[in-house]
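Letters A, B, ... mirror the listed sequences (proteins, then strands); counts begin at 1. Keep in mind that this is a model prediction, so the values were computed, not measured.
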2 protein chains.
Amino acid sequence: MNHVEKIIGHAEQQCKAHGVRLTEKRKQVLAGLIQSDKALSAYELVDFCTRHYGQTMPAMSVYRILEFLEHEQLVHKLSLANKYVACAHISCGHAHTVPQFLICRQCSKVKEISIQPATIAELRESVNEAGFKLVTTQLEMNCLCEGCVAQAA
Amino acid sequence: MNHVEKIIGHAEQQCKAHGVRLTEKRKQVLAGLIQSDKALSAYELVDFCTRHYGQTMPAMSVYRILEFLEHEQLVHKLSLANKYVACAHISCGHAHTVPQFLICRQCSKVKEISIQPATIAELRESVNEAGFKLVTTQLEMNCLCEGCVAQAA
DNA sequence: AGCTGTCATGTTACAACATATCATTTGCGG
DNA sequence: CCGCAAATGATATGTTGTAACATGACAGCT
Ligand SMILES: [Zn+2]
Ligand SMILES: [Zn+2]
Ligand SMILES: [Zn+2]
Ligand SMILES: [Zn+2]
């Protein structure tokens, strides 16, 4: 039982606990995101599933499945890049707080982090001063990953 | 000379200073963004220009013009919403630093603010700790504006 | 077994967002 | 006026995402 299958197992438990089903197709999409160590677009997932599981995966299904997985917090949507990424914390037990995402603009690698609550609070304060209200503290930031920084140098 | 025209005037000066031309079409697109007090999609701008200036504005042109205006810092692209907004500081003389954007998810109103350098520094530090590098401190945050908060209540 | 309701998936069509490429026009210096 | 470069026009195509309705799978009931 490899790394990916282990995470899928956890995801399945989690779904069972919520009274929803992690079907075969849903597993395929989730597995695609897990085995890729970067964010993928919906259509990249279509290609992955079609190539990998030997039957065409309709784009519509992928979108529906991504919506389901996002709802279950197994997947996060990155609006900054129009891509999707597997949650980095499916297996680690600890409660899932609102994450922040560092997205490599070069290679789409993504790091899911938790910024200091104090920093978040300062941000929220700045927003309030401007007369707006944050609807989520999920942030997405344009970055370069270690590998791509090294390569650029 | 109304508000919009005044800003366009400033923009024209700025372009002249950079040795580039703010043509009629470019003025039309910029004016569309200025008179709207919210972010607009490229195709909303197509509609605006076509309706407002009596000749069809091809989508292709709008994209080219937005690219130009963005390059001149007269317009900002909001990736979080796939929309575009006029710079809030065209007329105010002071140098344009890297902005942060508060985007109302309800009505697309946008506030362009400057977050405390100290807060930005903390963010950058968190990113570095995760082994990534920020490529820009332009942030986009999902918010509700005052009006929409009031309405929701 | 046959019926029925619910959730998941399939299929088709289209809307919305964005870029590529090549032709034509326009503004401007020489 | 000529020739160049910048800007725009025209057409095609690629990418991302949703709407609407049909079909399939399965569980619980009669
Ligand atoms: Zn997560
Ligand atoms: Zn990278
Ligand atoms: Zn600005
Ligand atoms: Zn609003």
Do any N or O atoms of the protein come closer than 3.5 Å to N or O atoms of nucleotides 27-30 of chain C, and which pairs are they?
none

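Side-chain contact between B:Lys133 and A:Cys143: absent, with no pair of heavy atoms (C-beta onward) separated by less than 4.5 Å. Looking at A:Leu30 and A:Glu72, their side chains never come closer than 4.5 Å, going by heavy atoms from C-beta outward. You'll find the side chain of A:Cys15 reaches within 4.5 Å of the side chain of A:Leu74, heavy atoms only.
Put simply, CG on A:Asp47 is 10 Å from P on D:dT16, counting in whole angstrom units. One can place CD of B:Gln28 at 10 Å from P of D:dT8, the figure rounded to the nearest angstrom. For the pair B:Leu22 CG and D:dA7 P, the computed distance is 11 Å after rounding to whole Å. What separates NZ of B:Lys27 from C1' of D:dA7 is a distance of 15 Å, to the nearest Å.
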B:Leu66 vs B:Leu45, side-chain contact (heavy atoms from CB on, under 4.5 Å): CA-CA, chis, key distance, verdict: CA-CA 10 Å; B:Leu66 286 170; B:Leu45 281 165; 3.9 Å; yes
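Legend: residues meeting ring-ring contact (aromatic ring centres under 6.0 Å, His included) with B:Tyr63, ordered by chain and number and at least two apart, are absent.
Across A:Ser114 and A:Thr97, no two heavy atoms sit closer than the pair OG-OG1, 3.7 Å.
A:His71 and A:His18 have their aromatic ring centers separated by at least 6.0 angstrom.
Looking at B:Lys77, B:Lys38, B:Glu112, B:His76 one by one, the single match for side-chain contact (heavy atoms from CB on, under 4.5 Å) with B:Val85 turns out to be B:His76.
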Per-nucleotide protein contact string for nucleotides 9-22 of chain C (B base, S sugar-phosphate only, - none; heavy atom under 4.0 Å): BBB-----BBBBB-
